[in-house]
Amino acid sequence: MINNKHLFYLIIFTQFGVAITNLPNAIYKKAGHDGWISALIGGLIVQIILFLYYSLYKKFPNKSFTDYTKIITNPFIGTCINISYFIYFLYVVIVVSLRFSDIIKIWIFPKSPAWLILILFLITAYIVAKNDILTIARTYVLCTFIFLIFILFLLVSYTNTHIGRILPIGQAPITKISSGAYSSFTEMLGFEIFLFLPPFFQDTKKKLFTLSLANFFTTIMYTFIIFTSYIRLSNKENSYIIDPILYIFKTYQSKMIEALDTLFLSLWIIVICATVISYIFIISEDVHKRLSLIVKNRKSILFFIILIIFAFYPLISSLVIRRETIANLASYLDPIFIIIIPFLLFLINKVRGLIN
């Protein structure tokens, strides 16, 4: 069973991942040098959705999302919704895993085969995810120092910055800032795991405060990352450098530290892996709960999930499935699973309560 401290770390470690390396570039293409404003608005969008999730949690305090989908709708529709969420989580894990292998191959091991990097990554995720939720949460707590080191690395880059690069503030049109805010929101995903964690909670108190605190931390960190990139690099560099954070670290020169980008990625691998661990744990735990009579061991389900993830690599490397196609699916899937379905369930439950 986990307490509020564990919940906080589970949320933030799931939210952070490969997105932070190319986040400034992705937001700059939408909102220009006002992208840091978009990040703040994105955090506000997340907070509104968290209020929705908390409302569902208060209605069903000890039940997982996969339990009350069947209560609000019916067993058949609820099962269909649950299966669709498992497929969506698998999709997220595949995208994160492939992006991770690409970054490591480009920045650290250019001569190593991507499939080998992917296997080692998935094996690591499996080893941690096969444990109980409390062990996983405690592992995340122990790895908190990585965020402190990351902040320190970013502060080091402030030796060559120019605040004028983000001026004038608010120059971008509202439409572009809004577009950047939506992109920031999608990069902050990971908080939806809260819907599946209630059965593991020790108590029901201060959950909204914990969720809000985790969202505040993520929003401030994302804003800080974008802001640092925009005042450290020129507008032209922010527009065409895909991974500006890694570029900033790579260009840092010091007699004490060499290859800051490699050192950073060596540590950040843990955070990226945590994102995958959280998702595959939720999938395997819920599937095992449904199939406990057939499958006695959750590790078997977890191993099968790892095989499914790795099976996509040959399809993508042989161009049977294009990477762009997989990445573009997020623009359709994210709003459906993060906003629309939970909102419809909340609405149906509310209307049914008023009728009764």
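Ion pairing of K250 with D243 is absent here, as no side-chain N (NZ or NE/NH1/NH2) approaches a carboxylate O to less than 4.0 Å.
Looking at I11, V46, I12 one by one, the single match for side chain to side chain contact (heavy atoms under 4.5 Å, CB included) with T218 turns out to be I12.
Atom CG of N131 and atom OG1 of T139 lie 7.0 Å apart (nearest 0.5 Å). Here the CD1-CG distance, from I2 to L134, works out to 8.0 Å after rounding to the nearest 0.5 Å. Expressed to the nearest 0.5 Å, how far OH of Y88 lies from CG of L333 amounts to 7.0 Å. Atom CG of L302 is separated from atom NZ of K130 by 9.5 Å, given to the nearest 0.5 angstrom.
The shortest side-chain heavy-atom distance between I305 and F86 does not fall under the 4.5 Å cut-off.
Put simply, the side chain of R232 never gets that close to the backbone of Y158: no donor and acceptor are under 3.5 Å apart. S179 contributes no side-chain N or O that, together with a main-chain N or O of K176, makes up a donor-acceptor pair within less than 3.5 Å. In terms of modelled atom types and a separation under 3.5 Å, the side chain of Y28 and the main chain of Y230 share no donor-acceptor contact. Of the possible polar contacts, none joining the N62 side chain to the P199 backbone as a donor-acceptor pair under 3.5 Å is found. Remark: side-chain polar atoms of N22 are not paired, donor with acceptor, to backbone N or O of N25 under 3.5 angstrom. N238 places no side-chain N or O within 3.5 Å of a backbone atom of P24 that could act as its donor or acceptor partner. A side-chain donor-acceptor contact under 3.5 Å links K105 to the backbone of S112. No side-chain donor-acceptor contact under 3.5 Å links E187 to the backbone of A19. Under a 3.5 Å cut-off, the side chain of H288 and the backbone N or O of E285 do not form any donor-acceptor pair. No donor-acceptor pair under 3.5 Å is formed between the side chain of H33 and the backbone N or O of F227.
Remark: F249 engages F153, F264 in a ring pair (Phe, Tyr, Trp, His ring centres under 6.0 Å) (not counting sequence neighbours). Remark: Y182 pairs with F185 by the ring pair (Phe, Tyr, Trp, His ring centres under 6.0 Å) rule, at least two apart or across chains. Residues meeting the side-chain hydrogen bond (donor to acceptor under 3.5 Å, both in side chains) test with S234, sequence neighbours left out: E237. Residues meeting the side-chain hydrogen bond (donor to acceptor under 3.5 Å, both in side chains) test with T66, sequence neighbours left out: S64, D286, R290.
Applying the ring-ring contact (aromatic ring centres under 6.0 Å, His included) definition to pairs two or more places apart or across chains, those involving residues 107-130 are F100-F121.
Under the 6.0 Å cut-off for aromatic ring centres, F65 and F60 do not qualify, their centroids lying 6.0 Å or more apart. A ring-centre distance under 6.0 Å is not found for F194 and Y53.
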Got a list of side-chain donor-acceptor pairs under 3.5 Å for residues 268-282, not counting sequence neighbours?
| unit_1 | atom_1 | unit_2 | atom_2 | d |
| --- | --- | --- | --- | --- |
| W268 | NE1 | G17 | O | 2.9 |
| T275 | OG1 | F13 | O | 3.4 |
| T275 | OG1 | T14 | O | 3.3 |
| T275 | OG1 | F16 | O | 2.6 |
| S278 | OG | T14 | OG1 | 2.8 |
| S278 | OG | Y140 | OH | 2.9 |
| S278 | OG | A274 | O | 3.1 |
| Y279 | OH | E192 | OE2 | 2.4 |

